[in-house]
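Single-structure report; data block below.
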Amino acid sequence: MKRIDLFLTDREVAKVCKAIRKAGAPGYSVMRHVTGMGMAGEISEAMDFSGLGANAHVIVFCEAAVVEAIRSAVRPLFDLYGGVGFISNAEEL
Amino acid sequence: MKRIDLFLTDREVAKVCKAIRKAGAPGYSVMRHVTGMGMAGEISEAMDFSGLGANAHVIVFCEAAVVEAIRSAVRPLFDLYGGVGFISNAEEL
Amino acid sequence: MKRIDLFLTDREVAKVCKAIRKAGAPGYSVMRHVTGMGMAGEISEAMDFSGLGANAHVIVFCEAAVVEAIRSAVRPLFDLYGGVGFISNAEEL
Amino acid sequence: MDSSLVLQNLVSAPILFFFLGIIGVLVGSDLEIPAPLPKLFSLYLLLAIGFKGGLELAHSGLGAQVLITIGAAVLMSLLVPISSYLFLRTRIDSYNAAAMAASYGSISAVTFITAQSFLNVLHVSFDGFMVAALALMESPAIVVGVLLAKLGSSSSRSGASPAATGLPWREVLQEAFLNGSVFLLIGSLVIGYLVTSFSPAGLEKMDPFTEKLFYGALCFFLLDMGIVAAQRLQDLRRAGAFLIGFALVAPLLHALLGLGIARLIGLNQGDSLLFMVLCASASYIAVPAAMRMTVPQANPSLYISAALGLTFPFNVVVGIPLYMALVQRFVPVL
Amino acid sequence: MDSSLVLQNLVSAPILFFFLGIIGVLVGSDLEIPAPLPKLFSLYLLLAIGFKGGLELAHSGLGAQVLITIGAAVLMSLLVPISSYLFLRTRIDSYNAAAMAASYGSISAVTFITAQSFLNVLHVSFDGFMVAALALMESPAIVVGVLLAKLGSSSSRSGASPAATGLPWREVLQEAFLNGSVFLLIGSLVIGYLVTSFSPAGLEKMDPFTEKLFYGALCFFLLDMGIVAAQRLQDLRRAGAFLIGFALVAPLLHALLGLGIARLIGLNQGDSLLFMVLCASASYIAVPAAMRMTVPQANPSLYISAALGLTFPFNVVVGIPLYMALVQRFVPVL
Amino acid sequence: MDSSLVLQNLVSAPILFFFLGIIGVLVGSDLEIPAPLPKLFSLYLLLAIGFKGGLELAHSGLGAQVLITIGAAVLMSLLVPISSYLFLRTRIDSYNAAAMAASYGSISAVTFITAQSFLNVLHVSFDGFMVAALALMESPAIVVGVLLAKLGSSSSRSGASPAATGLPWREVLQEAFLNGSVFLLIGSLVIGYLVTSFSPAGLEKMDPFTEKLFYGALCFFLLDMGIVAAQRLQDLRRAGAFLIGFALVAPLLHALLGLGIARLIGLNQGDSLLFMVLCASASYIAVPAAMRMTVPQANPSLYISAALGLTFPFNVVVGIPLYMALVQRFVPVL
Ligand SMILES: Nc1ncnc2c1ncn2[C@@H]1O[C@H](COP(=O)(O)O)[C@@H](O)[C@H]1O
Ligand SMILES: Nc1ncnc2c1ncn2[C@@H]1O[C@H](COP(=O)(O)O)[C@@H](O)[C@H]1O
Ligand SMILES: Nc1ncnc2c1ncn2[C@@H]1O[C@H](COP(=O)(O)O)[C@@H](O)[C@H]1O
Ligand code: NA
Ligand code: NA
Ligand code: NA
């Protein structure tokens, strides 16, 4: 079983989650209000009042077979809007 | 050393944390305001005003010996109220 | 590639992030409003109104070479103010 | 029915903001009121409505009329869930039927507040003790709901599941009576009563907060309710025609029942409308949280979507003026 | 220029709280207003300004003067981004130039509100329909910005990137017109209009919320804006002298252009100031969120920092009294 | 002692909401006011109390009486932590003794506000400059606390720990004087002063926000304080009898000391009560955050629980009327 961690802008979360569901993942979890730093520089919550939003952290535990579908779904979004993804091993409790 | 990730309804957090303490874990961390999707369907924060709450993400880093105790403590709660748990390898920094 | 999970008091986040940037990590993510339990006892959000703050969870995905620099940067902060760190394996999605 | 009542209701600021929220979702606007801001407004409204109710209860005193009205209200909050359950059970499983029944037996404070605003605009007076009725109708339906779920599931199964073996009374009563929103409402009612009785000088200082600000805060909250209701409405496709029908017909039937009782116990026009609204409305504040804990087998998206996505907009937009037309026709001006 | 105007502006509570926020950041205080509290105040201000604008629009009616003013405003929101783009393009890439242009073509509601407060203090009257102009200036600049980004990038490249192939009209229009803040402002305007026209009894009940509370809430929000602006100011080093210069000179030029048009269409003194402020101000609410989605290649820290870290403080502190001095000199008292 | 004072205090809305919060925790209600809503109210109260203080300071001017009172207040904020430290050091370690001492040397703005509300109800007047005393008592105790921790730990150990080698003055002064809540309070005081002096027209517009809304917002915040205090009370078992005793006796002693000084410098009845309350109260806003950063070796759950779980409720419920009884007995009506 695999664990996928995605970090992306708050406002693309809906799109990414749709892609994850379509890829056949059994579930996912989303944490909003994530700040941080990446290639696009620092992201804070200070502009939240303007509707800009900060980052979100999406976690998916799924079978290895699903990973490829998720990767190809989020890759174009990451290319356009930024965002990063990581993968590691896990098993069910 | 093991890493445990639990996702469950906000309102059962207190029960689960008590179980984790009793199981002998050296510590844990809780993130509330987690949304997501699982067997019970989609969970959003939109009903937060009603006291319903969204999900929480509980992370425990502990020795492998403690995992079993945590598993048997959260299993009945997950069966009744829903929730999922995953486990992976880790070491202290 | 390594994944580092740090849990520390909200108010030291800026210092830790500075250390992480200096250590050469390509990015990091911060979740605030984390509650939990550790050697210093239970940490809740109830005192938030006073400026005390709860915990933060900092995640860094980086090359193994950077880990050492981060470890030595956060170690003195953890010794003084509390906080814990864990490390595990990961790869890019 | 007097169509000007409907219009009067439709062009009031709270209802228009409710529509604004609905339209926002329908046209795909990203307007959102992020958590926990809606909670701020819901806590505020409960505090203010409780305080004002206590104030007026202190003025009116606890006479026979008050006690009879409250008694009738509590009775309705026992009757409605039982009859609803029996009806719902013909088509859906015991857990979901019980949770739905609890929702419809309990009340919606925001519907009540909207009805009060409506009466204010019409210059029809009503009594403060109706808030006491409101407060006391929240909890019984929850207890009844849990009981029904327990009875229904043990009669249908061999009762071996952990939830089915013995009712966790402590937890049920806690969820029913100490639920945050019930507790705040009743607590504020008592405080309003005490302050009015023993320290009336403080009332004037509370007035800007609990009274003056109220209407605007209601608008803001209804904006959010519009957003949430519209999102729920989209969920309702999954609920099926049976539940959709129930969500629209039940309020009417319960309102009529309420009208009969109001007539019987001799309520004035304003109180009759409020009584009907209490009977007709379904809870999406206290009940979902309580059911989630006590009847976790029920699917929250069913009972929340029905109560919030259909019954609430129906009552607020169509129901209130409709019930008022009935009141004007059948309840004599005292 | 009448130096008392500057002083009058500087010692007003909103401006002083704005400074307090700036000073807090500069001296290293940990004063912060955590999310989503600033969102609460920004939603509130949009709702209140829209509602009050609708109220006054209902009073003034939709005469020729109103339509001409609104037309001129929309024209400015098309002209300003195009000219800004052409100028910015001499030094920065197409995406960033387009995003900056959209910011400066659009408006800042808080600057507008601050100008209204300033006029109130001076007892200079202005018309409610200016809020309609404000509301209608937000969106066109966004559409123009996206178009410019598209044209600029397809002319400079072979146009093969996914963003460059065909304009996603649906998404662009959605971001431009259904953007949460635009939607709330226009929606509240319409509601204010409807309530005033059809249910004026409700106005008095909204007054404590939308009118009385407004000034204090503005102070609170400006405290946060001071904090955020000061943080942004520190980012500006990276933006370079060219953008810093643009952020300070553009508002002046746009204000002068606005003065000319105001004179041409015969606005009174108060409306002239507001018109100038609309032209001079740059958006940091609707536009960044829209640009982030439609022109993700542009660097938000550039256009937000310029609009919020420089142009906003400049307009609020120096610009408004300066523009007023010009108005007093060039616009006759009607 | 006049028992009607106690009653008068007990049936006031803020105190009743405080009790409601406490009761909620004791009976196990899930009523909670989620973060950051309590922060909103705490920021609001600091802003409003500062602004009103500045306003009244501008009216009263900076005469000899004002300067003497402020001087006495600052003196107390140096004396109280030193004497508390010496006493506490007999039983607990240097770090915790220093942090406790800082808490008790500093003040609780909410206790102060509650005392003002109490005086308002009794129609006893007090001076605006007392807010200046409040503002200036927050920081010195923090500096003293850090100094004591440093002295105490270097005398007991060989001083090799990183914290013990040299005092990070910059950080200590920053935490003491630029702490968000201290900064907002002093900043709002200055703004209130400036606006009153130079732009009095703005005062009326601030009034609904800073004055009218104040009492209700205080009630709401005290509801949360009741919840938090009751949670803290449950922590106190671990603190032990010594600290519990200190948390209840210290306010009495400090209040008596305050009464003596108030008498000496000739304060009127209202100001005397406020001075006593400043001396008697312990900080749980500015100090914990500052101590957490500067004396991290101290256990926050000890000093927060003592100040918030015991001293605060004691002062608010019993202390204020008790001190008032003493004032009425020993301070002549001027
Ligand atoms: N495969 C998964 N990966 C990540 N989070 C999950 C997964 N499955 C469930 N969750 C989270 O756990 C919550 C409860 O799951 P469930 O009980 O299956 O509805 C969901 O709402 C998600 O937040
Ligand atoms: N074993 C653990 N697993 C997960 N989180 C932990 C663990 N130990 C400590 N933490 C987190 O780190 C914070 C600080 O830990 P400490 O410094 O040990 O009090 C705690 O409040 C928890 O949020
Ligand atoms: N190496 C990393 N470790 C953890 N989080 C990261 C990392 N790189 C990027 N992120 C997160 O992903 C967001 C978007 O990254 P980017 O698109 O590179 O700007 C950042 O704002 C961070 O929150
Ligand atoms: Na009902
Ligand atoms: Na503009
Ligand atoms: Na003190």
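Each chain gets a letter, A, B and so on, in the order the sequences are listed, and its residues count up from 1. Reckoned from all heavy atoms, side chains included, excluding hydrogens, waters and symmetry mates.
Ranked by heavy-atom pairs under 4.5 Å with chain B, the first of D:Val228, D:Asp235, D:Asn299 is D:Val228. Counting heavy-atom pairs under 4.5 Å between each of B:Glu42, B:Met47, B:Glu45 and chain D puts B:Met47 at the top.
For the side-chain contact (heavy atoms from CB on, under 4.5 Å) test with B:Leu52, the passing option among D:Met293, D:Met291, D:Arg292 is D:Arg292; the others fail.
Residue contact with chain B, scored on non-hydrogen atoms closer than 4.5 Å, is absent for D:Leu43. Contacts of D:Asp224 with chain B are made by side-chain atoms alone, with heavy-atom separations under 4.5 Å and no backbone atom involved. In this structure, chain B has no heavy atom under 4.5 Å from any part of D:Leu40. For D:Gln231, the part lying near chain B is the side chain, with the backbone staying farther off; criterion is any non-hydrogen pair under 4.5 Å. Using a 4.5 Å cut-off between heavy atoms, D:Phe41 does not touch chain B at all.
Scanning all heavy atoms of the two residues, the minimum distance from B:Gly51 to D:Lys39 falls at CA-NZ, 4.0 Å. D:Ala289 and B:Ser50 get closest at one heavy-atom pair: CB-O, 4.0 Å.
Within a 6.0 Å sphere centred on NZ of B:Lys15, other residues, nucleotides and ligands contribute more than 12 heavy atoms.
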Practice prompt. Let me see the working for D:Gln297 and B:Leu80 under side chain to side chain contact (heavy atoms under 4.5 Å, CB included), right down to the final yes or no.
Written response: CA-CA 8 Å; D:Gln297 300 87 348; B:Leu80 188 56; 4.0 Å; yes
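Annotation: the span from D:Leu37 atom CG to B:Asp48 atom CG amounts to 10.0 Å, rounded to 0.5 Å.
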